Structures are given as C-alpha cells and as structure tokens.
Undergrad: 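Have a look at this one before I ask anything.
Predicted model, so just to flag it, every value in this text is computed and none were measured. We name chains A, B, ... by the order of the sequence lines, and we start the count at 1 in each one.
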2 protein chains.
Amino acid sequence: MAVTMNDVARAAGVSLKTVSNVLNDYEFIRPATKKRVQDAIAELGYEANLTARSLRSGKTRMLGLVLSDLSAPYYAELASRLMKAASRRGYRVLVEQSDAVGEVELNALQGPFRQLTDGLLFTPLVIDADAIADRLGKKPLVLLGEHILDPRFDLVTMKNGEAAADLTAHLLAGGRRRIAVIGAHPEESAGSAGLRLNGYRKALDEAGVTFNPELIAPCEWRRDNGAAAVAGLLDGGVEFDAVFGLNDVLALGAMHELLIRGFRVPQDVAVAGFDDIDEARFASPSLTTVSPGMEEIAERSIGLLIDRIEGREAGDQAAHIEAGFQLKVRESAP
Amino acid sequence: MAVTMNDVARAAGVSLKTVSNVLNDYEFIRPATKKRVQDAIAELGYEANLTARSLRSGKTRMLGLVLSDLSAPYYAELASRLMKAASRRGYRVLVEQSDAVGEVELNALQGPFRQLTDGLLFTPLVIDADAIADRLGKKPLVLLGEHILDPRFDLVTMKNGEAAADLTAHLLAGGRRRIAVIGAHPEESAGSAGLRLNGYRKALDEAGVTFNPELIAPCEWRRDNGAAAVAGLLDGGVEFDAVFGLNDVLALGAMHELLIRGFRVPQDVAVAGFDDIDEARFASPSLTTVSPGMEEIAERSIGLLIDRIEGREAGDQAAHIEAGFQLKVRESAP
DNA sequence: GCCAACGTCTGCAACGATGTATGGCAGGAA
DNA sequence: TTCCTGCCATACATCGTTGCAGACGTTGGC
C-alpha cells in the first residue's frame, strides 16, 4: 500500500489538510511547519495520488490531441513538439487517432476521452462546425488545421493560401506553366486542400496563367496516393512541367513515381511540397516546400489551450492564430 | 454537474450498487432490473466517471509508452500501431518522450507517469538493467528494443543479428566488399547497434571478408548524422562500395550525401537500411532494408503487457519474444 | 482592555465509483 | 413447519485527495 497524505501528516505532526496546503502552495503556512511537512514527505517518499487528486479537483492535467494518424510524418513531428510544449507547462498529452472516421471524431468530443483531459487540441477532418458545437462541453477546445473556420471556436492554423501562392509563384518564376496539383478536387475551396488550392489559383491569376482543372488530381494525403496520382496523370496523357503536392508526402510519392519513369527532377518536372517535414531536406533531390511554422503552432496552441483551461483572459472571443511560414527552396524546384 | 450513478439509481428505482453491478456485468441480475437500469442510463445519458473508477479500482486502463522521440519515423509508426492494438483491447496509450535522457527514463519508471498507467512499454536507451530492477514497482513492465537483455524482464524484440547478417550477406552476394556501417562503434556488441553490427561481422566472417574497423562510423541515429557520417568517411579518404545504415533514416541521410557528391546509387555505392519505414519504399532510389515485423511486435507486446496486467498466465518467468523479419530488396541495393 | 483583523492550522464533507458483507425471498428437502 | 440453498438486491465503508467553513492564538488600533 502506498504512502498517503495521512501518513505524512502523522509523521509531521500536523493535520491532513496542512499537508495538502503545503503541496498546493497555500500562502499562509509557517516556514517551520512547511519544512516539517516537506521533510516528512521526503523521508517517507510520499507521492501524491493523481487519480484521487483528479477526482476531487476535477482536473487531470492532461490535454487531448485528436489527429488522423500518428504515423504521418507531419502529425508525428507536430505531436512530438506539442508534447514537449505541454510538458514544459506541467501537462501531458493523450493522443487519439481518428483515422479520419467521423464517429471517432465525435466520440473524442464527448466520450471518455474528453473526460480524461482538461482540454482538447482537435484536428477535425470529417465532422463540421455544427456537429462540434452540438457536443461542445464546458471544457476548452482549440482547433488545429483549417478544415473548420468558425467564429465560435479557437483556431490555430497556418497561412495556407498565402504560402501556397508564394510557392506557386516561385514555380511560375522558374518558367513552369503547367503545374499539376496533387491532393485536391478542382472545385475544392475549404479545408487545407481548398485553401492551398486557392493560393495556387491566385498565383496563376496574377501571372496570367489560366487555371486548368485537368491538372488537379484529388486523393487522400498519403505517400502512395501521391505516386498513384502522378501515374494517373501521365497515363491519362496529361502533360505538366511541375507538380505541387499539397503536402510533403504527396510530393515525395509523386517525385518517386516521376523518377521511376525516367523523368528528371527538376529539369523535366519540378516538384514542390508543403510542410517541411524532416525528410524533405534529405530527399534526393531535396524537396522545395513550405515550412509552416510548426514550432510556433505547437507553442501557441498549447499556450492558448492552457490559458483557457486555467481561466486566464486570452481575449473573450474565440482566438484565431495564424503562424508565419517560410519558403524553403531546394533542389527539386530551384 | 454530470449525471452520476446515484441519479441513474434513483431514476431506475434501484440502489447505487445495482447500477454498478449492471455496468460490471455482474451475473445475478434479473433481466427486468437490468433493463430498467440500462433504460435509465440511456435516458439520462449517463457516462461512468473514469477518474472515480480508477481511484476505487486502482486501474486506469492506460498503458505507458516510453521512447526517445516520437518524431523519429520508426517510433511514430510503432506508436501508431501500438495505440491501435491497445485500443482494440480497450486500453489507451500515454506516450512519454525521454529524449534519451537518463533522468527522464528513471522518472518514467516510478514517478507520476507510472501511477497514471497500469503497465509500461519501455524502450530503455540510457539506463541499465539494475537501475530498472531497483525501481521496478509491482506493475507490469515490458521492454521494447534490445538495449537490455535480462532474464528478469519481459522483452519483445526483433532478430537484429540474424537480419543484419542476411542483409550484409545480400550486399556481399552483390559483390560488395567494403561495406561501411553507420551508427555503431567498432567494438560495440550490445544494444540494437551492437547486435546489428555483430550480424554484419558474422556475415563478413562467413564470406571470408576481413572486418575493417575504419569502415564503422559511430553516431546517433538521426538523418543528419547519417549524412555527416558519410561525409566524414569520404573526407577522411575511406573507400567503400556499400553503406549499411543501422536504421533507415541513417541510410537515407547517407544516401542523400552520396547523391549530392555525385556518386551513383547503387552503381557506385549500394545503400541499405533497417526498419522499413514507409518512406523507404518511396525514396529515390527506393531503399533496400529489413522489415522487422513491426505489426507483430506491436501486437505481441501489447498482448503480453495486457496479459500481465490482467493476471493471465503468460508463462511464469519473463517472456522473451522475437518477431520475424523480412529482407526488402529494392533499388538502392538490388 | 476590548474587539477586529490577521495569520495559521484543522475537521468535516464531499468527489463518484467499487468490494464486502449481508438481507430478503422463493422453492425444495427434511 | 423448519431449514437450507440459490438468486437478486442493498447498505456501508472505502479509495486519497481538496473545498469550505471555522477555530485558535496573536497582534494592533482605539
């Protein structure tokens, strides 16, 4: 049986509540008393029972993180940073993989997962704003990503449109005119895919290049789909001189397929991505991409969520934070 | 205020304990009573309070996973699978990143992290078996990886030596004679690095090739180190016709450096890795590597740990499980 | 010299569930 | 009738902590 506060209290010759007060940094305790208690704690090797504390206080000091799949490099890197940022502030992160399944997303909002955490970092991929609003409890929620732009919710995101436009402009400046886009429907205009596609179209417009829907290949954002999409375009006889993968793994999958088929990158086809995962720098050729300020996203979303949890004023209405970005020009599209 | 068991009991006209019994599948409950309770639960939207349940029962239904860094692709993919395997059995996984810092590893074994979980999956990188034994509580612990081979602990691992030997033999069969190894000290013989290096040496011996310590470059297992190690060898005038990165990111970093410097892979230098991360298949050229049976590792380690937690006989002494492996021959070393 | 204010500490009652022990009731055996 | 057994439900204590209200002794103002 573990050492309890009662044992400590007995050893220090004070009441149970005084031990609790010492542990919770209650203001009015005589230094001598405090020391006696601390000594007793050290001597007995007492450790607070977090479960009991949670039951009584209603706080778990855990944050929930809902994302589709931790094995996707972007999410893995993001999760790693979020966990470190949370850890610095005395919180842990509990991860839930939704696999982009609506039911799982809904359950994360109200089920046991919610109960275990003081607040949620949520990357909705399937459900919409109203569904979220319906099951929104009292606990804070911060949305990540950009599937949902709704004034009711805090949101931390990146400058998708602007970054995609800059990247596209860079490709155009390199003389590319037929830039294929992998990972969006031609008419898409919301969500990460839509916003990035909008940026692409905006850059085309500004350069006086006509948008060509035949160059836009929709698919889920996975490496193998990037390869398959390029294969589809080529087999369909679509010609292009650049590929913009809406995220890095799509771009890398696409690049792989191009190289296999004997295209030279970037001479024949330039390739660019989005996310700047660690792998992008070391791909061959290294991948031109957008670094979306992941560290800033991690730091600010954790900060915002914890501010909400601890009741600090962080603005009364929903915050909408956009991290800065950087174009990373590398070999695949110099 | 949330709905409690008491509310349900009142609504159903039974005692608190009867509700608890229904929830815990107690055998002797009249179907009619059971139904009344279940209806009341549904009507009130009752959800069990997990914190209270944990306090009373001493179980959290969470498993701890300690690894160095979730952003490393191998760990990210492993964590993702472990979480899914745990989820299927009604458990969650709480991840702790040690950054290969000894103090963090020690704290994971006995601190609050341990308290929050019913059992631990632990990848020790720094601390040794005795340090673990010293702070081993009553809760089950399963070691992952192979830094520690000790009859006191359950261990789930892979066939490092055998797989490395097969891979090396494959390189030798392709006519390579000067195979550089990235990620180990020449004298290392324990841990993942040591075991894989042993396999390498064994294959050399069997082929009658002399081991050359100058070909062995030690470094931490990160992508940039793989590149730096190859650069170091080349700048130091060491000649080689193949590189064996002791994991995939090292191999990919190395390959990147080789390609930058104008070597052709595999014509001038063959490259091989270990882990078969998703990226390996889509690298250019695609990476020859060892698939270490990650799915089996995830499934069996979760199974073993939960068996221990739930007190099922899984053999009285420590289990020692080795997953099977597969050689994946791809373009980088055909 | 009295009362209010202050600083310091304490006791009790929760938080919401589960384990143990036990209480009824029905039906069959003695 | 009486006792026992099997089924079903209950009461009470308990897990280890924190919130609330208040007790106690000291100090300072008037």
Side-chain angles (χ1 to χ4, degrees), chain A residues 1-38 40-41 44-62 111-112 114-116 118 137-139 310-311, chain B residues 1-38 40-41 44-62 111-112 114-116 118 137-139 310-311:
Chain A
M1 188 78 15
V3 182
T4 77
M5 266 192 174
N6 235 318
D7 304 328
V8 174
R10 221 181 334 262
V14 296
S15 80
L16 183 79
K17 188 67 230 264
T18 299
V19 179
S20 169
N21 285 337
V22 170
L23 258 53
N24 292 283
D25 288 322
Y26 178 63
E27 197 177 354
F28 302 114
I29 304 178
R30 230 177 331 210
T33 313
K34 189 165 183 171
K35 180 155 190 332
R36 276 219 315 289
V37 171
Q38 285 167 335
I41 288 176
L44 299 177
Y46 166 78
E47 278 192 344
N49 181 315
L50 299 181
T51 308
R53 179 175 284 174
S54 290
L55 174 59
R56 184 62 248 231
S57 69
K59 303 273 173 190
T60 62
R61 294 195 80 83
M62 290 213 281
R114 200 77 208 275
Q115 226 187 80
L116 287 168
D118 293 343
K138 311 125 283 260
K139 290 188 186 175
E310 298 183 351
Chain B
M1 188 78 16
V3 182
T4 78
M5 264 191 174
N6 235 317
D7 304 328
V8 175
R10 220 182 334 264
V14 297
S15 81
L16 184 77
K17 188 67 225 274
T18 298
V19 179
S20 169
N21 285 338
V22 170
L23 258 52
N24 292 284
D25 288 322
Y26 179 64
E27 194 180 355
F28 302 117
I29 303 178
R30 225 175 332 218
T33 314
K34 189 164 182 171
K35 178 153 192 337
R36 275 218 315 288
V37 171
Q38 284 167 336
I41 288 177
L44 299 177
Y46 167 78
E47 279 191 344
N49 180 315
L50 299 182
T51 308
R53 179 174 283 173
S54 290
L55 174 60
R56 186 64 249 231
S57 68
K59 304 271 173 193
T60 62
R61 294 195 81 83
M62 289 213 282
R114 200 80 210 276
Q115 223 187 85
L116 287 169
D118 292 343
K138 312 124 282 260
K139 292 187 184 173
E310 300 183 351

Undergrad: Only counting residues at least two apart or in another chain, list the ones meeting side chain to side chain donor-acceptor pair (under 3.5 Å) with B/Arg10.
TA: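 Partners of B/Arg10 by the side chain to side chain donor-acceptor pair (under 3.5 Å) criterion, ordered by chain and then number, come out as B/Asp7.
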Undergrad: Test of understanding: with side chain to side chain donor-acceptor pair (under 3.5 Å), list the residues that count as partners of B/Asn24, not counting sequence neighbours.
TA: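 Scan of B/Asn24 (side chain to side chain donor-acceptor pair (under 3.5 Å), adjacent residues dropped) gives B/Ser20.
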Undergrad: With sequence neighbours left out, what residues match A/Glu310 under salt bridge (Lys or Arg N to Asp or Glu O under 4.0 Å)?
TA: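 Testing A/Glu310 for salt bridge (Lys or Arg N to Asp or Glu O under 4.0 Å), a comparison that skips the adjacent residues, returns A/Arg312.
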Undergrad: Can you list, in residue-number order, the parts of residues 29-36 of chain A that come under 4.0 Å of DNA chain D, counting heavy atoms only?
TA: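 Contacts with DNA chain D under 4.0 Å: none.
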Undergrad: How would you list, by chain and number, every residue that makes a side chain to side chain contact (heavy atoms under 4.5 Å, CB included) with B/Leu16, sequence neighbours excluded?
TA: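 By the side chain to side chain contact (heavy atoms under 4.5 Å, CB included) rule, B/Leu16 matches B/Met5, B/Asn6.
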Undergrad: B/Asp25 has an atom CG; how far is it from atom C1' of C/dT18, in whole Å?
TA: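 Spelled out: CG on B/Asp25 to C1' on C/dT18 is 15 Å.
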Undergrad: Checking A/Arg53 now: which residues fulfil side chain to side chain contact (heavy atoms under 4.5 Å, CB included) with it, not counting sequence neighbours?
TA: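 Side chain to side chain contact (heavy atoms under 4.5 Å, CB included) check on A/Arg53 returns A/Leu23, A/Ala48, A/Leu50, A/Ser57.
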Undergrad: Output all residues satisfying side chain to side chain contact (heavy atoms under 4.5 Å, CB included) with A/Arg114, sequence neighbours left out; order by chain, then residue number.
TA: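 By the side chain to side chain contact (heavy atoms under 4.5 Å, CB included) rule, A/Arg114 matches A/Leu120, A/Leu136, A/Lys139, A/Leu141.
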Undergrad: When the axes are fitted on five pairs at both termini, how much does the helix from C/dG1-D/dC30 to C/dA30-D/dT1 curve, in 10° steps?
TA: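 Between the axes fitted at each end of the helix from C/dG1-D/dC30 to C/dA30-D/dT1 lies an angle of 60°.
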Undergrad: Any base atoms under 4.0 Å from B/Leu16, or only sugar-phosphate, or nothing? Heavy atoms, all strands.
TA: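 Touches a base.
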Undergrad: Measure all distances between protein nitrogen or oxygen atoms and nitrogen or oxygen atoms of nucleotides 19-24 of chain D, and list the pairs falling under 3.5 Å.
TA:
from   : atom 1 : to      : atom 2 : distance (Å)
D/dG19 : N7     : A/Lys17 : NZ     : 2.9
D/dC20 : N4     : A/Lys17 : NZ     : 3.4

Undergrad: With sequence neighbours left out, what residues match B/Asn21 under side chain to side chain contact (heavy atoms under 4.5 Å, CB included)?
TA: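 Here the qualifying residues are B/Lys17, B/Tyr26, B/Ile29.
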Undergrad: Hey, are the side chains of B/Glu47 and B/Val3 touching, using non-hydrogen atoms and a 4.5 Å cut-off?
TA: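 No, their side chains stay 4.5 Å or more apart.
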Undergrad: Quick one: side chain to side chain donor-acceptor pair (under 3.5 Å) partners of A/Asp118, sequence neighbours excluded?
TA: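 Per chain and number, A/Asp118 pairs via side chain to side chain donor-acceptor pair (under 3.5 Å) with A/Thr60.
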Undergrad: List the residues meeting side chain to side chain donor-acceptor pair (under 3.5 Å) with B/Lys35, not counting sequence neighbours, and say none if there are none.
TA: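 Here the qualifying residues are B/Asp39.
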